[in-house]
2 protein chains.
Amino acid sequence: MAEETSPRGPERRRGDALLRAIHEAALAELAEVGLGQLSMEGIARRAATAKTVLYRRWSTPHELLVDALHQAHPVEVPTPSADDLRTDLVAALKLLTDWMGTPAAGAVLAVMTERHRYPELAEALYSRVFDPRGGTFTSTVLRHYANAGTLDPRRLTPIVTQIGEALVFKLTLDLNRLPTDEELVAIVDEALLPALGFPLG
Amino acid sequence: MAEETSPRGPERRRGDALLRAIHEAALAELAEVGLGQLSMEGIARRAATAKTVLYRRWSTPHELLVDALHQAHPVEVPTPSADDLRTDLVAALKLLTDWMGTPAAGAVLAVMTERHRYPELAEALYSRVFDPRGGTFTSTVLRHYANAGTLDPRRLTPIVTQIGEALVFKLTLDLNRLPTDEELVAIVDEALLPALGFPLG
DNA sequence: CTCATAAGCTACGGATCCGTATCTAACTGG
DNA sequence: CCAGTTAGATACGGATCCGTAGCTTATGAG
């Protein structure tokens with residue numbers, strides 16, 4: 001484990017560098033202990049700073065967390081590239097699973113699954129982090145091909161646009177690991193494309 | 001809120017009655033405070049008993065929780081009744097959403113979503129609660145119709161058998177409420193049946 | 001009716017987190 | 001290079017939960 005810069009000597013972080021370290025520590029702490037155990041004390045310990053530094057900026061761990069997510073959020077958006085619906089759908093799901101491997105994703109999922117317990121937190125996450133962006137992942141691709149005429153727009157019901165994401169989440173939960181590329185292809189071929197009106201073989 | 005039996009006087013619970021009260025309190029406590037905050041103190045408070053009573057039977061809140069789930073678990077199993085795949089699938093999903101309204105379901109979901117944090121708990125839940133039962137809900141129905149010849153068994157891939165449950169979970173998460181009957185029908189018509197090889201219209 | 005069992009109470013020392021206050025010393029802008 | 005800012009360290013009283021101990025008393029089996 002390499003230390004940053006010089007191994008010893010008082011090297012004091014300030015401003016953005018400190019902020020980023022705190023944000024990172026918050027997400028890591030959340031991933032490890034969970035939303036219910038997230039504490040200023042824990043975040044400060046992990047960020048190797050003092051509680052006072054945190055309380056100068058935030059009143060609660062939740063406020064801190066929202067900032068951390070806001071900062072970490074720029075997520076890659078699928079850009080339908082090929083003129084191939086199937087390939088683009090698989091690519092969109094791959095983007096999703098890539099994102100799900102990040103610390104920020106764990107944090108977002110934790111907030112979502114415990115939203116009935118911390119409603120203000122979920123609301124803050126929506127209004128400050130998600131709302132700025134449109135629909136996610138597969139729906140971006142689906143709208144593109146619907147506009148291009150490849151797809152009957154009437155097929156794009158609220159249910160159908162969720163099939164890909166829903167199965168990725170379910171598989172991740174069941175298998176306790178991210179889906180493989182083969183499984184993503186299976187999701188597209190066996191579930192998504194049939195629902196879009198392209199029966200297999 | 002009516003008190004049980006006589007309003008006053010020392011009426012001391014024993015044996016099964018006490019046990020059931022504790023199990024119930026554990027699930028309620030979990031639903032309210034979350035897995036990370038589940039404590040003997042909290043369960044005892046909610047069950048209106050003393051911590052000592054709990055420690056006489058269990059060493060940790062997690063052990064107590066597994067017992068509570070074990071006791072609460074007998075879940076209704078879909079019995080394909082009509083000779084109508086569509087109707088039976090909708091009925092199976094209805095059973096699922098009914099179950100999801102129970103306290104036990106909240107507990108199970110909490111354990112599953114935090115399984116990386118408490119692996120022993122998830123494992124205990126599998127070996128002591130789930131394993132005794134076969135596949136759940138839609139897969140029961142699907143196997144029935146595959147055996148009856150209505151359905152091509154090759155369609156029943158690991159992905160396809162998860163579509164219904166996956167969408168119910170996703171919708172519940174997104175909408176922050178259980179799916180309506182209409183939404184269940186939409187899941188069957190727009191996602192499940194097409195994937196099983198029955199294109200719409 | 002008697003008596004063993006177990007529920008229910010109270011209290012404890014230890015640990016952790018809370019939120020705040022106080023002081024120091026390292027940075028940095030001017 | 002000096003002064004203002006702010007990171008960092010320490011300590012605090014209060015709160016909560018931990019796990020255990022000692023005791024009282026309701027309950028049910030014989």
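These numbers come from a predicted model, not from an experiment. Here is how names work: the chains are called A, B, and so on, in the same order as the sequence lines, proteins then strands, and each is numbered from 1.
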| request: Starting from the C-alpha separation in whole Å, work towards a yes-or-no answer on salt bridge (charged side-chain N to carboxylate O under 4.0 Å, His left out) for B/E63 and B/R57. | output: CA-CA 9 Å; B/E63 289 182 17; B/R57 293 184 173 51; over 6 Å; no
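Going from atom CG of B/L54 over to atom C1' of C/dA7 covers 11 Å, rounded to whole Å. Residue B/L19 contributes atom CG, which lies 12 Å from atom P of C/dG8 at whole-angstrom precision. A straight line from NE2 of A/H62 to P of C/dC18 spans 11 Å, rounded to a whole angstrom. B/R57 places its CZ atom 15 Å from the P atom of C/dT5, with the value rounded to the nearest Å. When the P atom of C/dC17 is taken as reference, atom CG of A/L64 falls 16 Å away, rounded to whole Å. At whole-Å resolution of the value, OH in B/Y55 and P in D/dA21 are 13 Å apart.
Listed nucleotides C/dT20, D/dG8, C/dG8 differ in distance to A/L18; the shortest reach to its side chain belongs to D/dG8. Closest approach to the B/K51 side chain among D/dG8, C/dC18, D/dT20 is made by D/dT20 (side chain taken as heavy atoms from C-beta onward).
When the shell of 6.0 Å around CG of B/D83 is examined, it contains 12 or fewer heavy atoms from other residues, nucleotides or ligands.
Judged by distance alone, with hydrogens and angles left aside, A/T52 brings a side-chain donor or acceptor within reach of the base of D/dA9, the pair sitting under 3.5 Å. For a distance-only test at 3.5 Å, the side chain of B/R56 fails to qualify as a donor-acceptor partner of the base of C/dA6.
Residue-to-nucleotide proximity on DNA chain C shows that, of A/P61 and B/T49, the 5′-proximal contact is made by B/T49. Nearest-nucleotide positions on DNA chain C for B/A50 and A/R45 put B/A50 closer to the 5' end.
A/F137 and A/W99 have tilted rings, their planes meeting at an angle from 30° to 60° on a 0 to 90° scale.
Listed in residue order, the members of residues 32-44 of chain A having a heavy atom less than 4.0 Å from DNA chain C are A/S39, A/M40, A/E41.
Counting heavy atoms from C-beta outward, A/L35 and A/L65 have side chains that approach closer than 4.5 Å. A/L196 has its side chain within reach of A/L89: a pair of non-hydrogen atoms, C-beta onward, lies under 4.5 Å apart. For the pair A/T172/A/R177, no side-chain contact is recorded, criterion being any heavy-atom separation below 4.5 Å from C-beta on. By the 4.5 Å heavy-atom criterion applied to side chains, A/L193 and A/L85 are counted as neighbours.
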